[in-house]
Structures are given as C-alpha cells and as structure tokens.
Amino acid sequence: MMIYLAWAALLLGETSLTEKLQNLTWKKRVVVIYSPHRNDAEFQLQKKLFEGFYNDFLERDLVVLEYTLVNLSVEDRQVLNQRFEYNPRGFGCWLVGKDGTIKLSSYEPVNSSVLFGLIDAMPMRQAEKKKS
C-alpha cells in the first residue's frame, strides 16, 4: 500500500487538506488518519491494520491521507476541527465517500474488514461492482 500512498502524494502534491479532498471528490474514497505523533501506538496500529490490502484499496478507489501535528498547517487544523471534529491530542480515522461526505468517524483504529464492509454496502460501490 505504501506505493499507492506515494503515488497519491505525488498526484496531490503539497496542497491543503481541503484542496486534496476537493480534487478527489467523485474520483476516490479517502481515509484521513490523524495522530499527534507518528510514533503513537494507535497511529502505528492503524497503518498495520491496512498493510497487505493494496489490491483491496485499489479496487475500492481508496486513498489514505496521513496527518500528524508536525505536518498539519493552520488551515488543515481548522478543517479537521470543523469538518471532522478531531481532538488534536488524540487519534482519529475518517472515511470520506466519493461524494465528499463523511461516512465513518472513529477515534480508535479501524479494521480493514470493517472499512471494506462499510464501503461495499454503499449504493455507489454496488453500482461499481455491477459495471466490472
């Protein structure tokens, strides 16, 4: 999955969270992960829970955006606060659908099977599966 994350980073460049989400609307589903520090146990667990699911992420048009306090601009903090209601001192994981709305908010790591189950139950995903 790291290759996919690197590809997404190249595609999106150094843009704000708002711009990234706008650029991905109607194209990709987005998982936003936040933790105060990269070495926090929950942040590391979340990354581990997603390991090995590269093809599943590709199949579901899913991109992961990771944020920590050190790589968060003032604007991005405001977006996380207003749109995602994050706690700057705690972990957060959110699924944003292709339509740009928040489909899942969690303040603990999310198992990939839970994430995929939620996505696969969505009408848009059902339509995508019928096309392929």
Could you check if a side-chain atom of [X] sits within less than 4.5 angstrom of a side-chain atom of [Y], using non-hydrogen atoms only?
X: K47; Y: E66; result: yes
X: D76; Y: V74; result: no
X: F43; Y: I33; result: yes
X: M124; Y: E128; result: yes
X: Y107; Y: N87; result: no
X: V63; Y: L65; result: yes
X: R125; Y: R29; result: yes

Return yes if a side-chain donor-acceptor contact under 3.5 Å exists between T25 and Q22, otherwise no. no
Determine the minimum heavy-atom distance between P88 and P36, stating which atoms define it.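 That would be O-CG, 3.4 Å.
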Salt bridge check, E59 against K129: does any charged N sit closer than 4.0 Å to a carboxylate O? no
Salt-bridge test for D61 and K27: reply yes if a basic N is under 4.0 Å from a carboxylate O, no otherwise.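 No salt bridge links D61 with K27.
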Establish, yes or no, whether the cationic atom of R60 lies under 6.0 Å from the six-membered ring centre of F116 and within 45° of the ring axis.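 The answer is yes; both the distance and angle limits are met.
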Would you confirm whether [X], through its side chain, and [Y], through its main-chain N or O, come within 3.5 Å as a donor-acceptor pair?
X: D120; Y: G117; value: no
X: N23; Y: K20; value: no
X: Q46; Y: C93; value: no
X: E19; Y: S16; value: yes

Would you list the pairs meeting ring pair (Phe, Tyr, Trp, His ring centres under 6.0 Å) in which at least one residue belongs to residues 61-90, sequence neighbours left out?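 For residues 61-90, and leaving out neighbouring residues, the ring pair (Phe, Tyr, Trp, His ring centres under 6.0 Å) pairs sorted by first residue read Y34-Y86, F84-W94.
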Once you round to the nearest 0.5 Å, how far does [atom1] of [X] lie from [atom2] of [Y]?
X: L17; Y: Q78; atom1: CG; atom2: CD; answer: 11.5 Å
X: Q44; Y: K48; atom1: CD; atom2: NZ; answer: 9.5 Å
X: L62; Y: L95; atom1: CG; atom2: CG; answer: 7.0 Å
X: S112; Y: F50; atom1: OG; atom2: CZ; answer: 7.0 Å
X: L21; Y: K28; atom1: CG; atom2: NZ; answer: 14.5 Å

Do [X] and [Y] share a hydrophobic cluster (ILVMFWY, side-chain heavy atoms under 4.5 Å, transitive)?
X: V114; Y: F57; result: yes
X: L49; Y: L115; result: no
X: I102; Y: L24; result: yes

Pair V32-L80, side-chain contact (heavy atoms from CB on, under 4.5 Å): steps then yes or no: CA-CA 10 Å; V32 177; L80 281 175; 4.2 Å; yes
Quick one: salt bridge (charged side-chain N to carboxylate O under 4.0 Å, His left out) pairs with a partner in residues 101-111, sequence neighbours left out? D99-K103
